[in-house]
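The structure appears below as structure tokens.
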Amino acid sequence: MKYEFKHIGIDDIELTYKDKSFKFKRDVNLIREMQNIVKEARLKMIKDLSSQGISLKDLIIERHEGNKTYYDNTNKEEMEQVYQNEATMEFFDRKCREYFNNDLASLINDIGLTEEQEISGFSEELVNILTGNIIPKRRESDK
């Protein structure tokens, strides 16, 4: 295996790969920060759109058929998704620099992950560990 996450304390985790080891602590504030990603991304999107003279309503396609009005929110939803993805990547880059002295892409490269499956597996595992959704195995010396 190219890397390993180890549980070394209640909220203490260690990432090891190659000859490197990084200890980090899960933080309650981290979850709060993650929950704010959507709100912050949406505010940034609204601010950017308004600076261009565009409103969210402009992204919604209104169609009239007979006595009925249909609204297509596809453009608005796609725009929101772009902003949310960008905010999420910025958040994890910031956390990776804080914990591992590298942004996420550099960390993945440093570990030597090259295949899409490896990269997505690592990213998913990292997110789950940081959010407390999974707890890595304890080190043998801690059992």
Side-chain angles (χ1 to χ4, degrees), residues 1-64 68-143:
M1 178 170 257
K2 294 183 178 183
Y3 67 90
E4 183 177 20
F5 287 103
K6 297 175 191 167
H7 181 244
I8 56 174
I10 294 174
D11 286 322
D12 298 315
I13 310 295
E14 181 178 44
L15 168 63
T16 56
Y17 64 92
K18 296 180 181 173
D19 60 342
K20 299 178 181 180
S21 175
F22 298 94
K23 293 179 183 173
F24 60 99
K25 189 182 260 319
R26 275 194 304 230
D27 184 354
V28 175
N29 290 326
L30 180 80
I31 294 171
R32 189 175 316 121
E33 287 178 58
M34 287 181 67
Q35 291 170 339
N36 282 330
I37 289 173
V38 173
K39 180 181 91 178
E40 291 172 12
R42 193 170 167 87
L43 288 172
K44 184 177 190 292
M45 178 183 76
I46 291 168
K47 181 181 173 188
D48 288 352
L49 288 173
S50 63
S51 73
Q52 297 173 28
I54 302 170
S55 73
L56 281 179
K57 191 174 182 181
D58 293 331
L59 299 176
I60 299 170
I61 299 169
E62 186 176 322
R63 194 178 73 226
H64 300 282
K68 294 186 179 185
T69 302
Y70 297 94
Y71 297 96
D72 180 354
N73 291 307
T74 305
N75 292 336
K76 180 181 130 264
E77 291 167 359
E78 287 184 19
M79 180 75 77
E80 286 176 335
Q81 192 61 52
V82 166
Y83 274 82
Q84 286 177 21
N85 289 346
E86 183 180 306
T88 300
M89 284 305 299
E90 288 172 3
F91 173 79
F92 282 107
D93 277 346
R94 194 170 55 250
K95 287 301 167 185
C96 284
R97 279 191 294 276
E98 181 183 325
Y99 296 148
F100 313 117
N101 302 320
N102 272 320
D103 61 31
L104 182 58
S106 298
L107 177 63
I108 287 169
N109 188 46
D110 196 33
I111 293 172
L113 305 177
T114 55
E115 296 179 25
E116 186 62 38
Q117 187 176 1
E118 288 179 320
I119 294 168
S120 64
F122 172 79
S123 300
E124 185 176 324
E125 189 174 2
L126 178 61
V127 169
N128 285 327
I129 287 170
L130 291 176
T131 59
N133 290 335
I134 61 171
I135 297 173
K137 296 177 184 173
R138 282 196 164 285
R139 291 191 309 196
E140 287 298 318
S141 62
D142 292 340
K143 288 184 179 177

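Positions are given from 1 along the sequence.
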- request: Without swapping roles, check the side chain of D103 against the backbone of S106 for a donor-acceptor pair under 3.5 Å.
  value: yes
message: Are F91 and M34 packed together at the side-chain level, in the sense that at least one heavy-atom pair is separated by less than 4.5 angstrom?
response: yes
- request: For the residue pair D48 and S51, confirm or rule out a side-chain donor-acceptor distance under 3.5 Å.
  value: no
query: Tell me the side-chain hydrogen bond (donor to acceptor under 3.5 Å, both in side chains) pairs involving residues 110-122, sequence neighbours left out?
result: K2-E118, Y17-D110, K20-D110
- request: Answer yes or no: is there a side-chain heavy-atom contact under 4.5 Å between E124 and V127?
  value: no
field: Pairing residues for E90 by the salt bridge (Lys or Arg N to Asp or Glu O under 4.0 Å) criterion, not counting sequence neighbours
entry: none
message: If you define the side chain from C-beta out and look only at heavy atoms, does anything of F100 sit under 4.5 Å from L126?
response: yes
message: Do I46 and S55 make a side-chain contact, defined as non-hydrogen atoms from C-beta onward lying under 4.5 Å apart?
response: no
Partners meeting side-chain hydrogen bond (donor to acceptor under 3.5 Å, both in side chains) with E62 (sequence neighbours left out): H64
task: Return the set of residues passing side-chain hydrogen bond (donor to acceptor under 3.5 Å, both in side chains) with Y99 (not counting sequence neighbours), or none when no residue passes.
output: none
side-chain contact (heavy atoms from CB on, under 4.5 Å) between K23 and D12, intermediate numbers included: CA-CA 7 Å; K23 293 179 183 173; D12 298 315; over 6 Å; no
statement: Taken in chain and number order and not counting sequence neighbours, the residues that satisfy salt bridge (Lys or Arg N to Asp or Glu O under 4.0 Å) with D58 are none
Salt bridge (Lys or Arg N to Asp or Glu O under 4.0 Å) partners for R63, two or more places apart: E65
task: Using a strict cut-off of less than 4.0 Å between a Lys/Arg side-chain nitrogen and an Asp/Glu carboxylate oxygen, indicate whether K25 and D11 qualify as a salt bridge.
output: no
message: Can you confirm whether H7 sits close enough to I13 that some side-chain heavy atom of one is under 4.5 Å from a side-chain heavy atom of the other?
response: yes
message: If I take atom CG from residue N75 and atom CD1 from residue I60, how far apart are they, to the nearest 0.5 angstrom?
response: 9.5 Å
field: Gap separating the CD atom of E4 from the CD atom of E125, nearest 0.5 angstrom
entry: 9.5 Å
query: What pairs with N29 under side chain to side chain contact (heavy atoms under 4.5 Å, CB included), at least two apart in sequence or on another chain?
result: D27, R32, E33
field: Residue pair I37 / Q84: nearest heavy atoms and the distance that separates them
entry: CG2-O, 4.2 Å
message: F122: which residues meet the ring pair (Phe, Tyr, Trp, His ring centres under 6.0 Å) condition with it, sequence neighbours left out?
response: Y3, F5
Contact list for residues 68-90, test ring-ring contact (aromatic ring centres under 6.0 Å, His included), sequence neighbours left out: none
message: To check you understand the geometry: which heavy-atom pair defines the closest contact between D93 and A105, and what is its length?
response: OD1-N, 4.3 Å
query: Do the side chains of M45 and L56 get nearer than 4.5 Å, heavy atoms only?
result: yes
field: For Q81, side-chain hydrogen bond (donor to acceptor under 3.5 Å, both in side chains) partners two or more places apart
entry: N85
- request: Would you name the heavy atoms of R26 and I129 that are closest together and state the gap between them?
  value: CD-O, 2.6 Å
query: Which atom names give the shortest non-hydrogen contact between L30 and L130, and what distance separates them?
result: CD2-O, 3.0 Å
message: With heavy-atom distances below 4.5 Å as the criterion, would you say the side chains of C96 and L104 are in contact?
response: yes
task: State which residues pass side-chain hydrogen bond (donor to acceptor under 3.5 Å, both in side chains) with T74; sequence neighbours excluded, sorted by chain then number.
output: D72
field: Closest contact, heavy atoms only, K18 versus I111
entry: CE-O, 3.7 Å
- request: Could you pull out all residues at least two apart from E98 that satisfy side chain to side chain contact (heavy atoms under 4.5 Å, CB included)?
  value: K95
message: Taking the side chain as everything from C-beta on, heavy atoms only, tell me whether T16 gets closer than 4.5 Å to K6.
response: yes
- request: Apply side-chain contact (heavy atoms from CB on, under 4.5 Å) to L107 and L15, showing your working.
  value: CA-CA 11 Å; L107 177 63; L15 168 63; 4.3 Å; yes
